[in-house]
Amino acid sequence: MSFLTNSIENLKKEGVYRELPINEGPCDAEIVLNGKKVINLSSNNYLGFANHPRLKNAAIAAIKKYGVGAGAVRTIVGNMDIHEELDQVIAKFKKEEAALVFQSGFNVNAGVIQAITTDKDIIISDQLNHASIIDGVKLSKATRAVYRHSDMDELERILIESAGQYENTLIITDGVFSMDGDIAKLPEIVRLAKKYGALTYVDDAHGSGVLGERGRGTVDHFNLHGQVDFIVGTLSKAIGVVGGYVAGSKEMRDWLLHRGRPLLFSTAMMPAAAAGIIEAFNMLETSSEYTDKLWENARYFKEKLEKLGFDIGHSQTPITPVMIGNEAQTMEFSKALLYNGVYVSGIVFPTVPKNTGRIRCMVSALHTKKQLDKAIEIMEQTAKKLGIL
Ligand SMILES: *Cc1c(COP(=O)(O)O)cnc(C)c1O
């Protein structure tokens with residue numbers, strides 16, 4: 001194992017080696033991390049659903065009815081009525097013809113991209129797309145091209161250059177870019193796709209439950225219903241549970257039931273998870289209080305950080321990066337914040353490009369103003385001590 005020991009030694013030399021923090025309770029605004037009570041600014045639990053009593057009760061009731069495991073993959077006997085119901089709930093929420101749930105968002109990208117492309121196709125992908133998209137594209141036999149982040153001129157140039165050479169062209173983008181919080185230029189992507197006859201695939205993991213009416217997502221935010229072919233989302237972030245889905249046409253769902261490999265070869269989602277998720281969508285459909293609170297908190301937090309002189313990048317969503325640059329200093333800042341009572345994870349290469357290290361603050365609907373004020377005060381003091389501010 002010396003090849004691994006050497007690699008680990010290199011991480012330590014670069015100052016990016018880390019141990020996993022341990023959370024001793026539920027994912028809330030304040031958590032007990034490594035035995036210490038801290039303000040949690042690191043989760044994707046945007047709406048506070050991960051520990052919400054209504055979701056918990058729905059999950060408990062489902063455990064009593066269905067047990068804990070689905071018992072098989074969906075294509076054999078793991079397809080319970082609650083999974084079918086969940087597919088329909090999601091299709092309705094996303095205003096699409098159909099939807100299909102997978103065990104995680106990662107699994108959706110790993111399974112769907114390869115199932116809808118062949119070696120006669122080309123995939124054109126944004127440079128900052130999520131790792132699961134990058135891996136999903138690698139599993140496809142299609143030709144690949146990457147355009148600079150949100151650079152529509154380069155996307156169009158690739159579309160022109162590849163015209164006539166492939167059966168299908170698939171443009172893939174994150175809806176909201178997870179490390180910067182900016183929104184994809186979806187209206188322009190859709191316009192170009194129409195002009196050059198391409199298909200569109202949007203992974204809205206950080207947009208669903210956050211953007212659009214009642215959190216319907218980026219497609220709804222831009223009012224592009226019916227104009228994006230594959231709409232991917234996760235059930236693990238704003239929805240607070242676990243799982244992923246793709247929404248779109250009936251034909252798409254039908255095809256994936258036959259060729260979506262994670263669906264064919266990995267056991268169906270825990271039924272209690274499906275029940276909790278259905279309750280989450282019920283709550284979103286009947287009230288905007290959760291999404292409203294999320295945005296109120298995000299605006300409040302960002303305004304205060306900006307006033308203090310922090311560089312918070314160009315986020316358009318509740319994702320709030322605080323740009324540091326140097327990898328080791330980023331990790332040092334994150335460590336010092338934890339010591340002082342705020343948990344914000346440092347994000348460095350290879351998750352983001354070299355020298356663009358940042359701490360990524362994730363505000364949620366759960367945070368009180370008092371908690372946010374306290375976190376901001378600690379961030380200010382710690383940054384001044386480290387020469388960041
Ligand atoms: C988080 C994320 C995923 C993975 O979702 P999981 O449900 O956690 O597996 C996929 N795509 C994007 C863009 C993400 O941000």
Side-chain angles (χ1 to χ4, degrees), residues 20 27 42-47 49-50 55 83 86-87 90 94 99-114 123 125-140 146 149-150 170-186 189 200-212 215 217-219 221 228 230-248 260-263 266-270 273-274 276-277 280-281 315-321 345 347 350-352 358 360-362 364:
L20 297 186
C27 182
S42 282
S43 86
N44 299 314
N45 181 23
Y46 286 107
L47 303 173
F49 285 178
L55 273 77
H83 296 113
L86 178 56
D87 286 351
I90 292 173
K94 302 295 282 189
L100 187 62
V101 166
F102 288 71
Q103 307 88 344
S104 73
F106 198 106
N107 267 359
V108 175
N109 288 326
V112 174
I113 298 168
Q114 57 166 312
I123 297 171
S125 182
D126 187 289
Q127 173 193 24
L128 291 191
N129 277 345
H130 189 259
S132 59
I133 295 177
I134 295 170
D135 288 10
V137 171
K138 279 184 192 158
L139 291 169
S140 160
V146 174
H149 177 50
S150 282
L170 180 67
I171 304 171
I172 306 188
T173 182
D174 276 23
V176 171
F177 290 87
S178 51
M179 296 303 147
D180 295 272
D182 54 324
I183 305 172
K185 294 176 180 163
L186 216 48
I189 291 172
T200 44
Y201 183 113
V202 176
D203 179 347
D204 211 20
H206 283 277
S208 256
V210 175
L211 285 171
T218 309
V219 171
H221 170 77
V228 173
F230 303 93
I231 303 167
V232 169
T234 177
L235 304 164
S236 337
K237 289 175 178 147
I239 300 304
V241 190
V242 71
Y245 60 85
V246 54
R261 291 172 71 83
L263 196 107
S266 182
T267 297
M269 167 190 283
M270 187 184 182
I277 295 162
F281 282 114
S315 170
Q316 300 165 278
T317 61
I319 296 171
T320 309
S345 54
I347 312 255
T351 308
V352 292
R358 70 209 60 185
R360 189 181 57 154
C361 306
M362 303 293 280
S364 82

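Order of appearance sets the numbers: ligands from 1, and atoms from 1 within every ligand. This chain uses plain numbering: 1 for the first residue, then up along the sequence. Side chains are part of it too, since the values below use all heavy atoms of this structure and drop only hydrogens, waters and symmetry mates.
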Applying a heavy-atom distance cut-off of 4.0 Å, which protein residues contact ligand 1? Ser104, Gly105, Phe106, Asn109, His130, Ser132, Asp174, Asp203, Ala205, His206, Thr234, Ser236, Lys237, Gly243
Please list, chain by chain and in numerical order, all residues satisfying salt bridge (charged side-chain N to carboxylate O under 4.0 Å, His left out) with Asp180, sequence neighbours excluded. Arg358
Of all residues at least two apart in sequence or in a different chain, which pass the salt bridge (charged side-chain N to carboxylate O under 4.0 Å, His left out) check with Asp182? none
Would you please say whether a donor-acceptor pair under 3.5 Å links the side chains of Ser364 and Asn45?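 The answer is no; no qualifying pair exists.
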Please check if any side-chain donor atom of Ser208 sits under 3.5 Å from a side-chain acceptor atom of Tyr245, or the reverse.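 A pair is found: one side chain offers a donor N or O, the other an acceptor, under 3.5 Å apart.
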Ring pair (Phe, Tyr, Trp, His ring centres under 6.0 Å) involving Phe106 - partner list, sequence neighbours excluded: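 Testing Phe106 for ring pair (Phe, Tyr, Trp, His ring centres under 6.0 Å), a comparison that skips the adjacent residues, returns none.
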What pair of heavy atoms forms the shortest contact from Ser43 to Cys27, and how long is it? CB-SG, 3.4 Å
